[in-house]
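Scroll down for the structure; my scribbles are underneath it.
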Amino acid sequence: MDIKNIKNPSFLKKLKIKDLELLSNNIRKYIIDSVSITGGHLSSNLGVVDLTIALHKVFDTPKDKIIFDVSHQCYTHKILTGRAKEFDKLRQLDGLSGFQKREESPHDAYEAGHSSTSLSAALGMALARDKQNKKNNVIAVIGDGSMGNGLSYEALNHIGSTKTKLIIILNDNEMSISKNVGGLHNNLDKIRSNYKYNNAKNKTKDILNKIPLIGSKISLGITNLKSSIKKLYLKEGFLFEELGIKYYGPINGHDYKEMLIYLEMAKKENEPVLIHVITEKGKGYIHSEQDRLGSWHGVGPFDIETGKFIKKEENKITWSEVISNHLIDLTEKNNNLTVITPAMAGGSKLFKYKELYPDNFIDAGIAEEHALVLANGMSIEGLIPFVSIYSTFLQRGYDQVIHDIARMNTHVIIGIDRAGIVGEDGETHQGIYDLTFLLPIPNLIISTPKDSIEAGNILYTAMLSKRPFAIRYSKEKLEYHKENYKIVPIGSWEILEKGKDAVIITYGSLLEKAKMIKKNLSKTIDLSIVNARYLKPIDEKLYNKLLKEYKNIFIYEENTKINSLGSYLVNYAEEKKYKGNINIFAIKDEFIKQGKREEVLKLLELDEKSITNKIKNIMKKKD
Ligand SMILES: Cc1ncc(C[n+]2csc(CCOP(=O)(O)OP(=O)(O)O)c2C)c(N)n1
């Protein structure tokens, strides 16, 4: 069968188990082929091919609602619901989203990108269904990593008490992006190893083998058997049972017979049930199967044969790596420095740090709020925590930054990774709000270094500051240089290039673009470039000077225009009765779609060519 011809999942109803297995193989190959060209989330998708097919065989979307948590693992779902043809534009500008997207298909019941929203959303949908006397099923598919997040616990606590019909599929592959952590993980580990090594598995198998499959349909005479299956595992699955959620499993997420029996069983329940499904992350591709560090979780293009990533040869490394190198050097100077990551050790390039300083490194799991308050506690007791967190995920920890860290004015350093446009992950992952929501918070120092040396110096300054200190850096790559550390006075800006006609104030990765803009304009306009490396406090002395010296000030940012550095500086200038013109070039008030950073910046008219033209036009009118 040609995967591209699939229109909807109804054809699955007729398929026998061996046909389903064949389909699994074809879909796995299709995903590997597509992702090797476009990049995308590989391992999580390969792990749930069989589970997703089984779900679509038993349930009827779009009437039944399947909510994939995070939804990075929804590729098979997209293929089965008629979107295989669009995989050549997966995660690209105007192409198929890498996540569930309601506007793409009625089969996409919900949308995510951030983890652990599926259980609350599913409960909301189930309660709405009940109120409207509808009869559909609601199924949340959630990974073991995402199950450990606070939002999931809040939802579980509520679900158990409602007694509404709701199915939770716990997709347990032992991994978050890299190896999962925490008490829940250890509990699931115990269940898994019992399942693998003691007789229980055989007992279950015996029971399951007694259940006939009539054609492709499961015999419905299973009700008497389900309690005996359940009892085998009840002790280990007690956490969910104690919360009022029926626990079934664990079952093998690559064994169709087992899955179909349990899913049919769950369908008949009239209360919340959780089916614990064990899957192998990365299944079907040798390189992703063997990966324990999460290198195959989210990937760029790669060569299928060799498993080598296709990277441009360049003399550059990521900002994450730059920061990580400095953390290693600075921990050597001060062993109180402690690095905390909420499950992003791989993405934030912290494995080397972990290896060198295992006692200074904590993976808190997918738990941003917890990671920040944990850091605050450590800081109060004398450590210097550095919380490495993506800008988009810091949204989860806003209250903790205000209520705990900034208000108590503690010495917590927040390393804000992926600040700015992030590219292919799109809307849910853009790092364009952190400055907007951090600027109003008292006590907090906010910085964005321009290069690797300034990054080291600002981190060194933060380490000595004894203040809450945010350091923002982008997803871009840069050259790595090292010098002896020195303090960058808090609140100091620098004039990078001096010009007489106008000034452009910017920070971080955009400074490189500002240099090109200056060059583009050099025949007609002599532009000054100011590195606003501290967004708060600002360099009032230098800014006052700029207000006196220039009639035209341009502020250029990869952040929302509303409540950016620009609006802060405009307010300040108004208070000083500035009579000149200030123009802010920043992101307009809309969600920013996926695409390569340069493509997106162009679309937003924030690329160097657009800014060059804008400045030219503005200055022309003023003549
Ligand atoms: C709030 C939040 N923090 C971090 C992430 C980054 N992230 C994406 S997938 C993932 C791992 C999810 O693990 P799990 O739920 O076990 O699913 P799996 O990928 O193993 O199938 C993480 C940490 C996120 N999407 N949302």
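Small disclaimer: the values here were computed from a predicted structure and weren't measured. Numbering of ligands and ligand atoms starts at 1, following listing order.
When the options K267, E269, K165 are evaluated for a side-chain hydrogen bond (donor to acceptor under 3.5 Å, both in side chains) with N137, the one that passes is K165. Results of the ring-ring contact (aromatic ring centres under 6.0 Å, His included) test with H114 over Y390, F99, F393 single out F393 as the only residue that passes.
Ring orientation note: the planes of H287 and W296 are close to parallel, at an angle under 30° on the 30°/60° scale. Under the 30°/60° scheme for interplanar angles, the aromatic rings of H72 and H297 are found to be tilted.
Y285 and F302 have their aromatic ring centers within a separation under 6.0 angstrom.
Each of the following atoms of ligand 1 lies closer than 4.0 Å to a heavy atom of G113: 24 (C), 25 (N). Ligand 1 places these atoms under 4.0 Å from at least one heavy atom of R396: 1 (C). Interface atoms of ligand 1 facing K281, defined by a heavy-atom separation under 4.0 Å, are 18 (P), 19 (O), 20 (O). Proximity to S44 (heavy-atom distance under 4.0 Å) selects the following atoms of ligand 1: 18 (P), 19 (O), 21 (O). Residue E368 approaches ligand 1 through these ligand atoms, each under 4.0 Å from one of its heavy atoms: 1 (C), 2 (C), 3 (N), 4 (C).
Both the backbone and the side chain of D144 come within 4.0 Å of ligand 1, judged by heavy-atom distances. Proximity of Q73 to ligand 1, defined as any heavy-atom pair under 4.0 Å, is not found for any part of the residue. With a 4.0 Å cut-off on non-hydrogen atoms, H41 does not touch ligand 1 at all.
Considering both main-chain and side-chain atoms, V70 never comes within under 3.5 Å of ligand 1 through any nitrogen or oxygen pair.
Ion pairing between K593 and D94 holds under the 4.0 Å rule for side-chain N and carboxylate O. By the 4.0 Å N-to-carboxylate-O rule, K283 lies too far from E289 to be salt-bridged with it.
Among all non-hydrogen protein atoms, the one lying nearest atom 9 (S) of ligand 1 is H297 NE2, 3.5 Å. Nearest protein heavy-atom contact of atom 21 (O) of ligand 1 is N173 ND2, 3.4 Å. Scanning the protein heavy atoms around atom 15 (O) of ligand 1, the nearest turns out to be S146 OG, 2.6 Å. The protein non-hydrogen atom at the shortest distance from atom 5 (C) of ligand 1 is F393 CZ, 3.2 Å. For atom 13 (O) of ligand 1, the closest non-hydrogen atom of the protein is S176 CA, 3.4 Å. Looking only at protein heavy atoms, the nearest one to atom 26 (N) of ligand 1 is S115 N, 2.9 Å. Distance from atom 10 (C) of ligand 1 to its nearest protein heavy atom, with residue and atom name: I177 CG1, 3.5 Å. Counting protein heavy atoms only, atom 14 (P) of ligand 1 is closest to G145 N, 3.6 Å.
Nearest heavy-atom pair, L337 versus N360, reported as atom, atom and distance to 0.1 Å: O-ND2, 2.9 Å. A140 approaches L119 most closely through the heavy-atom pair CB-CD2, 3.9 Å.
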*Under the side chain to side chain contact (heavy atoms under 4.5 Å, CB included) rule, what do T162 and H158 come out as? Steps first, then yes or no, please.*
CA-CA 7 Å; T162 62; H158 190 182; 3.6 Å; yes
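In this structure, M344 has a heavy atom closer than 4.0 Å to ligand 1. The closest approach between any non-hydrogen atom of P342 and ligand 1 is not below 4.0 Å.
Crowding of D589 atom CG: a count of heavy atoms from other residues, nucleotides or ligands under 6.0 Å not exceeding 12.
Residues R396 and L151 form a side-chain contact, since some pair of their non-hydrogen atoms from C-beta on lies under 4.5 Å apart.
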